[in-house]
Structures are given as C-alpha cells and as structure tokens.
Amino acid sequence: MLHAEPDFEVCGQAGTIAEAIEVAGKTQPEMILMDYVLPDGNGAEAARIILKENPTCLIVFLTIHVSDEELFDAIRSGAKGYFLKSEPVNTLVKNLHEIQAGNAVLSPAITSIVLEQIEHQWGESSQQNQTLTKLTPRELEVLRELETGASNKEIAKQLFMAENTVKRHVHNILTKLDMPNRRAAAQWARQQHL
C-alpha cells in the first residue's frame with residue numbers, strides 16, 4: 001500500500017523484534033509501522049529499543065486488535081500513533097501525514113478506550129479526594145505515620161503530641177474512612193500513595 005504512495009518510501013521490512021531492530025539500525029527510518037504482536041515478543045519492546053538508538057523515529061502501531069494493556073504499553077513505549085488494520089487506506093495515509101507533521105493520532109476506536117480509561121482514573125482520583133477531605137490536616141499526618149506501620153507511641157513522638165491524642169486521631173480516621181482497624185487504614189493509605 002505504501003509503495004503506491006508518492007510521499008512514502010518503504011526502506012525495509014521485518015517480522016520479529018530482532019529483525020526490526022536490525023533493519024531500523026541499518027536504514028534509520030523516519031517512521032516505522034509496527035504490529036504489537038510479534039513472534040519473539042511485542043512491538044512496544046522493539047519500539048523502546050529502536051527509540052533509544054533513533055529518538056526521532058516515529059513509531060506507529062498498526063494492529064488487528066487492541067486491548068487496554070497493549071494500547072497503553074504501546075503509548076508508554078513512545079508511539080505517536082495507534083491504528084487498526086481494518087481502517088481504510090486513505091484514512092491511514094492521512095493519519096500518517098498528521099504524525100509526520102508532529103501530531104499524535106489514534107484511531108477513533110482507540111481514542112474511546114483512552115477516554116474511558118482517563119474517565120475511570122479521574123473518577124477514582126475524585127473519589128479519593130472526596131474521602132481525604134473528610135480528614136483534618138492533623139489526621140492526614142497521623143494517617144501518613146500509620147502508613148509506615150508506626151505505633152501510637154512512635155506517632156506521638158514523631159508529631160509532638162500526646163499518645164492519647166494520637167489514639168483519638170486514629171479512632172477518627174478509622175471512623176471517617178470506614179476501616180475496621182489501623183492495618184486496613186495503613187494499607188489503604190499506601191494504595192493512595194499519600
């Protein structure tokens with residue numbers, strides 16, 4: 001398909017990660033169309049290696065299917081585009097020109113996945129923020145100490161307060177977070193990366 005396009009010159013082809021790295025090293029292409037599923041690994045692995053050697057290369061994934069894991073792995077590898085092989089040729093060519101112009105482009109189906117993931121993460125973040133706003137600044141300090149596994153006595157010493165005050169803060173934290181015990185609160189705090 002790309003051989004027929006006057007704006008593109010195909011300088012090599014590869015079927016494995018090893019071949020892709022070798023061909024990319026020899027030809028120094030401006031752009032690589034990469035499948036995610038390869039016989040000796042995945043395209044994101046190849047993209048990372050190729051981009052270390054040629055950071056200006058534009059990696060574009062062109063694959064038959066997509067999962068959230070594969071998509072985000074490809075994006076994290078430095079890809080500038082992710083398209084499905086089922087897209088019309090003229091759409092793909094137009095998108096490749098957009099990528100050459102410096103834009104990152106995703107298939108509409110892929111964009112939906114990204115937006116759903118962002119919405120999901122934003123919802124979790126918003127819920128976490130709402131939960132944390134229930135706590136006073138001092139209770140947050142105590143929760144951070146709980147996260148480390150510190151005892152009430154250690155927390156009292158660290159935060160310059162009476163041990164009974166720490167006990168009251170711990171009780172308030174457990175009540176506000178609806179946690180059964182300090183271990184559960186500490187685990188929750190670690191998950192929130194406080």
Side-chain angles (χ1 to χ4, degrees), residues 17-18 21 34 36-38 40-61 63 65-82 102-107 109-194:
I17 291 175
I21 294 166
M34 178 92 63
Y36 188 86
V37 178
L38 298 171
D40 56 343
N42 68 59
E45 295 171 25
R48 288 181 182 92
I49 295 167
I50 291 168
L51 288 172
K52 275 186 184 176
E53 297 299 315
N54 183 0
T56 61
C57 183
L58 303 170
I59 305 284
V60 178
F61 280 86
T63 190
H65 59 83
V66 64
S67 72
D68 291 6
E69 184 181 323
E70 291 173 356
L71 170 62
F72 290 106
D73 189 29
I75 291 171
R76 284 190 298 271
S77 75
K80 300 299 180 193
Y82 200 111
N103 300 310
V105 185
L106 303 172
S107 293
I110 306 299
T111 304
S112 296
I113 294 170
V114 172
L115 292 176
E116 287 172 13
Q117 184 67 23
I118 290 169
E119 182 180 344
H120 176 72
Q121 287 180 345
W122 183 83
E124 284 181 355
S125 176
S126 177
Q127 184 179 8
Q128 174 192 345
N129 289 340
Q130 288 175 357
T131 303
L132 291 175
T133 58
K134 295 177 184 178
L135 303 179
T136 66
R138 198 61 163 164
E139 288 167 348
L140 278 171
E141 288 178 323
V142 172
L143 181 58
R144 286 186 187 104
E145 294 299 320
L146 280 177
E147 182 181 356
T148 68
S151 67
N152 287 349
K153 187 174 186 175
E154 292 167 331
I155 294 171
K157 184 177 179 184
Q158 180 69 27
L159 299 179
F160 306 102
M161 63 174 72
E163 194 171 339
N164 282 337
T165 305
V166 172
K167 287 179 186 176
R168 190 177 73 246
H169 284 312
V170 170
H171 173 76
N172 291 342
I173 291 166
L174 296 179
T175 301
K176 290 178 180 181
L177 298 181
D178 193 26
M179 295 287 170
N181 55 46
R182 64 191 294 133
R183 180 174 290 148
Q187 184 178 2
W188 181 84
R190 279 190 289 277
Q191 291 171 344
Q192 306 312 308
H193 305 292
L194 297 180

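Just so it is clear, the structure is predicted and the values come from calculations on it, not from any experiment.
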Salt bridge (charged side-chain N to carboxylate O under 4.0 Å, His left out) with [X]: which residues, sequence neighbours excluded?
X	value
Glu141	Arg138
Arg48	Asp73
Arg183	none
Glu139	Lys176

Nearest 0.5 Å, what's the [atom1]-[atom2] distance between [X] and [Y]?
X	Y	atom1	atom2	value
His169	Ile155	NE2	CD1	10.5 Å
Thr63	Asn42	OG1	CG	10.5 Å
Phe160	Gln158	CZ	CD	7.0 Å
Leu143	Ile173	CG	CD1	5.0 Å
Ile75	Tyr82	CD1	OH	8.5 Å
Glu45	Leu38	CD	CG	8.5 Å

Heavy-atom pair with the smallest gap, counting every atom of [X] and [Y]:
X	Y	result
Ala44	Phe61	N-CZ, 3.6 Å
Leu106	Gly81	CD2-C, 4.4 Å
Pro55	Lys52	CD-O, 4.2 Å
Ala47	Ser77	CB-OG, 3.6 Å

Next on the checklist: Could you check whether any side-chain heavy atom of Met161 comes within less than 4.5 Å of a side-chain heavy atom of Val166, counting everything from C-beta outward?
Outcome noted: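 A side-chain contact under 4.5 Å exists here.
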Checklist entry - Any side-chain heavy-atom pair from Met34 and Ile50 closer than 4.5 angstrom? => result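 Contact flag for Met34/Ile50 side chains = yes.
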Which residues pass the side-chain contact (heavy atoms from CB on, under 4.5 Å) test with [X], sequence neighbours left out?
X	result
Lys167	Asn152, Glu163, Asn164
Leu51	Cys57, Ile59
Ala104	none
Arg168	Thr165, Asn172

Residue list, side chain to side chain donor-acceptor pair (under 3.5 Å) with [X], at least two apart or on another chain:
X	answer
Asp178	none
Thr56	Asn54
Gln187	none

Checklist entry - With Tyr36, which residues qualify under ring pair (Phe, Tyr, Trp, His ring centres under 6.0 Å), at least two apart? => result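 Listed in chain order: nothing, the list is empty.
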